[in-house]
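Read the structure below first, then the notes.
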Amino acid sequence: MTAVVTPGLTDLDRHLIAEGRHERLWEVLGAHLVDDGVRFTLWAPGARAVRVSGDWGDEVDLACDPLIPVWQTVVPRARAGHRYRFRILCEDDVWRDKSDPLAFRTTPPPVVESVVESVVAESRHVWTDGSWRHRPDRISVYEVHLGSWRAGLGYREAAERLADHVVELGFTHVELLPLAEHPYGGSWGYQVTSYYAPTARYGSPDDLRHLVDVLHRRGIGVILDWVPAHFPKDDWALGRFTGVPVYEHPDPRRGEHPDWGTYVFDHGRPEVRNFLVANALYWLEEFHVDGLRVDAVASMLYRDYSRGPGEWEPNERGGNENLEAVAFLRELTATVGRLHPNALLIAEESTTWPGVTAPSGPAPSGLGFDRKWNLGWMHDTLGYFRDGDYERLKLPVDYAWSERYLLPLSHDEVVHGKGSLIAKTGGAAGLRVLLAHMWAHPGGQVLFMGGELGQPHEWADHRELAWDLLDDPVHAGLSRLVAAVNRVQAAHPALYRADDRPDGFEWLVNDDPDRAVLAYARRAPGVADVVCVANFGERPRPGFRLPLPSTGVWKVLLHTESDEFGGAGAPVPEAVVAVPENGRAAAELGLPARSAVWLSRA
């Protein structure tokens with residue numbers, strides 16, 4: 001069938017697409033219901049011809065806009081819910097079938113087809129979250145893989161149950177592993193084929209809106225994992241879109257990832273940057289998410305990431321920095337900051353790249369993220385439980401204020417033979433002291449689901465969490481401890497308000513002769529100090545002499561070895577008295593093995 005000529009794009013749309021600056025790209029590309037059918041619009045540079053076929057029967061030609069490589073037609077018989085695909089005649093005279101890069105809905109995997117979705121900008125969902133931007137001073141994040149949190153629950157079915165659990169535990173945010181459509185479930189969402197379509201595994205786009213809405217109504221922010229670094233090589237998706245590289249960099253040294261077997265986005269191409277920046281805005285606007293955790297930032301920043309000699313080429317300055325990706329990240333953070341100033345942008349960046357959370361702007365400048373995952377803290381702290389090196393526990397404070405950090409105990413730490421958290425820490429007592437130290441340390445917190453249960457086995461995406469562990473007093477106590485550290489932290493701003501300032505932290509003990517005890521004070525202007533004491537060792541320390549910031553009565557806020565938390569039932573004093581000793585205040589405190597105590601002035 002011959003293409004139906006339709007105006008569709010305005011002159012301004014054409015100009016913005018050509019410049020790579022169309023911030024609402026999803027409103028002009030993709031499949032949209034119009035009065036006389038469905039308008040299909042596709043960016044396909046290098047195509048010699050484009051057709052669209054679908055459930056309506058006929059294959060329809062698209063006409064190319066004379067000014068830009070955008071193809072368009074209206075199909076009168078197409079309807080909402082129809083499956084469709086594009087057929088592209090490439091320069092090599094081969095027709096290739098492709099899904100729509102701007103599809104707003106797909107069929108459930110493993111056979112992923114684009115679906116005409118009638119509720120994109122004008123969803124049927126009626127939002128009830130009011131002033132929905134959620135950005136508290138305190139950040140405590142519960143990381144969730146939705147498919148294995150509880151088996152068989154979709155977006156809508158999980159909404160109230162997930163909200164109940166997160167509210168009970170006291171987290172401020174839920175972070176959802178990537179929900180953009182991905183055919184391979186074993187990628188956990190990190191190999192995306194449809195960037196604008198929520199995965200159909202768990203329901204419709206409006207079902208996802210319902211989940212976010214419920215979480216917001218319960219006071220919980222929603223962070224979505226987002227993957228702008230790379231994409232899989234499925235031949236029906238973005239890869240070699242018109243028979244040649246379009247979304248990926250044409251140089252295989254820069255366009256293919258050796259670790260993941262994926263293509264790497266060409267971040268220097270304006271239209272590709274536009275596709276990604278608009279996609280970030282799409283999730284923020286159309287689904288009301290409160291932030292994006294940007295995956296694999298380190299792999300974007302360096303041309304030699306996971307590449308050996310001869311497998312990469314320097315940039316024009318002779319260095320290993322990927323200058324195009326740096327410019328993309330700065331454009332991303334600047335654009336989101338301008339249009340959604342309350343949105344959180346979080347970088348998973350595993351190197352010492354300077355200024356990840358410094359403001360972006362004219363060079364020299366930072367990348368403009370709000371927070372960075374502190375993977376150094378995770379490696380250093382868990383390293384102590386492997387080798388008993390006391391210096392590892394102290395080291396993170398040396399760089400705690402170099403960025404605005406989140407401390408992650410994420411999904412990556414409980415898969416691929418790494419063991420569970422409770423196994424890494426030598427049992428429940430070790431996990432309790434780790435959690436108490438984590439919530440008292442400078443930086444917000446990220447805990448992957450199951451950590452609150454003390455799940456003894458590694459996480460697997462094909463089975464749900466071991467909820468029956470809550471019948472065991474020790475594991476139920478771990479869950480109560482997570483709720484307690486969140487509750488006490490929320491009530492004592494000294495534990496979070498000065499996270500990114502050295503004057504919010506003071507060492508009290510960091511030279512213990514037994515090389516096991518740390519103690520430090522957390523403080524912020526106008527609020528009471530909180531002191532954390534942690535005995536990481538396997539030997540109890542009765543009568544431990546603890547320096548304190550001032551004399552007087554110090555109330556015990558939390559003791560990890562109490563019965564409430566499944567501990568050994570050690571006697572827990574309600575308070576300790578600090579008296580003058582050698583020119584400063586000190587108190588005597590009993591520290592069971594693998595235990596932590598929080599104190600504040602009564």
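Values reported hereafter were calculated over all heavy atoms of this structure, with side chains retained and with hydrogens, waters and symmetry mates removed. As the structure is a prediction and not an experimental result, all values here were calculated from the model.
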Are E286 and W26 linked by a side-chain donor-acceptor pair shorter than 3.5 Å? yes

What salt bridge (charged side-chain N to carboxylate O under 4.0 Å, His left out) pairs are there with at least one residue in residues 402-418, not counting sequence neighbours? none

Partners passing salt bridge (Lys or Arg N to Asp or Glu O under 4.0 Å) against D295 (at least two apart in sequence or in another chain): R293

Which salt bridge (charged side-chain N to carboxylate O under 4.0 Å, His left out) pairs, counting each pair once, include a residue from residues 367-386, with sequence neighbours left out? R135-D370, E349-K372

Evaluate the side-chain proximity of Y142 to W149: yes if any heavy-atom separation is below 4.5 Å, no if none is. yes

Mark yes or no for whether T425, through its side chain, and L431, through its backbone, hold a donor-acceptor pair below 3.5 Å. yes

For the residue pair S148 and D461, what are the closest heavy atoms and their distance? CB-O, 3.5 Å

When you measure from the side chain of H210 to the backbone N and O of L208, does any donor-acceptor pair fall under 3.5 Å? no

Assert yes or no for the condition that the ring centre distance of H145 to W459 is strictly below 6.0 Å. yes

Crowded around R83 CZ? As in, over 12 foreign heavy atoms under 6.0 Å? no

Residue pairs passing the salt bridge (charged side-chain N to carboxylate O under 4.0 Å, His left out) test where at least one lies in residues 269-279, sequence neighbours excluded: R269-E271, R273-E331

Using a 3.5 Å distance criterion without hydrogens, assess whether the side chain of H340 forms a donor-acceptor pair with backbone atoms of N342. no

Just so I know, are the side chains of I139 and Q445 near enough to count as touching, which here means a heavy-atom distance under 4.5 Å? no

Would you check if H288 and D213 make a side-chain contact, meaning some heavy-atom pair closer than 4.5 Å? no

Looking at residues at least two apart in the chain, or sitting in another chain, which of them share a side chain to side chain contact (heavy atoms under 4.5 Å, CB included) with N274? H22, L25, A278

Could you tell me whether a side-chain N or O of K424 sits under 3.5 Å from a main-chain N or O of V414, the two making a donor and an acceptor? no

Please report the shortest heavy-atom distance between D234 and P183, naming the atom on each side. OD2-CG, 4.0 Å

Contact between R85 and S99 at the side-chain level, heavy atoms closer than 4.5 Å - yes or no? no

More than 12 foreign heavy atoms under 6.0 Å from OH of Y399: is that the case here? yes

Run the salt bridge (Lys or Arg N to Asp or Glu O under 4.0 Å) test against R96 and tell me which residues pass, sequence neighbours left out. D92

Indicate yes or no: at least one non-hydrogen side-chain atom of P101 is less than 4.5 angstrom from one of Y196. no

Applying side chain to side chain contact (heavy atoms under 4.5 Å, CB included), name anything that partners T352, two or more places apart in sequence or on another chain. none

Tell me, do E256 and T262 make a side-chain contact under 4.5 Å, heavy atoms counted? no

N/O donor-acceptor pair under 3.5 Å between E157 side chain and G154 backbone: yes

State whether a side-chain donor-acceptor pair under 3.5 Å links H230 with Q191. no

Does NZ or CZ of R209 lie under 6.0 Å from the centre of the six-membered ring of W127, at an angle within 45° of the ring axis? no

Just grab all the salt bridge (charged side-chain N to carboxylate O under 4.0 Å, His left out) pairs involving residues 434-450, residues at least two apart or on different chains. none

According to salt bridge (Lys or Arg N to Asp or Glu O under 4.0 Å), who are the partners of R392, at least two apart in sequence or on a separate chain? D387

Can you see which heavy atom on Y155 is nearest to which on D207, and at what distance? CB-O, 3.3 Å

So, R217 and D129, do they make that salt bridge, N to O below 4.0 Å? no

Should N320 and W312 count as side-chain neighbours, where that means a heavy-atom distance under 4.5 Å? yes

Examine H32 together with F104 and report whether their ring centres are nearer than 6.0 Å. yes

Residues in side chain to side chain contact (heavy atoms under 4.5 Å, CB included) with T381, at least two apart? W377, L393, P396, L434, H437

Below 4.5 Å, heavy atoms only, C-beta onward: do L179 and D225 meet side chain to side chain? no

Please identify each residue that fulfils salt bridge (Lys or Arg N to Asp or Glu O under 4.0 Å) with E452, with sequence neighbours left out. none

Mind checking what makes side chain to side chain contact (heavy atoms under 4.5 Å, CB included) contact with T333, not counting sequence neighbours? L345, S360, F369

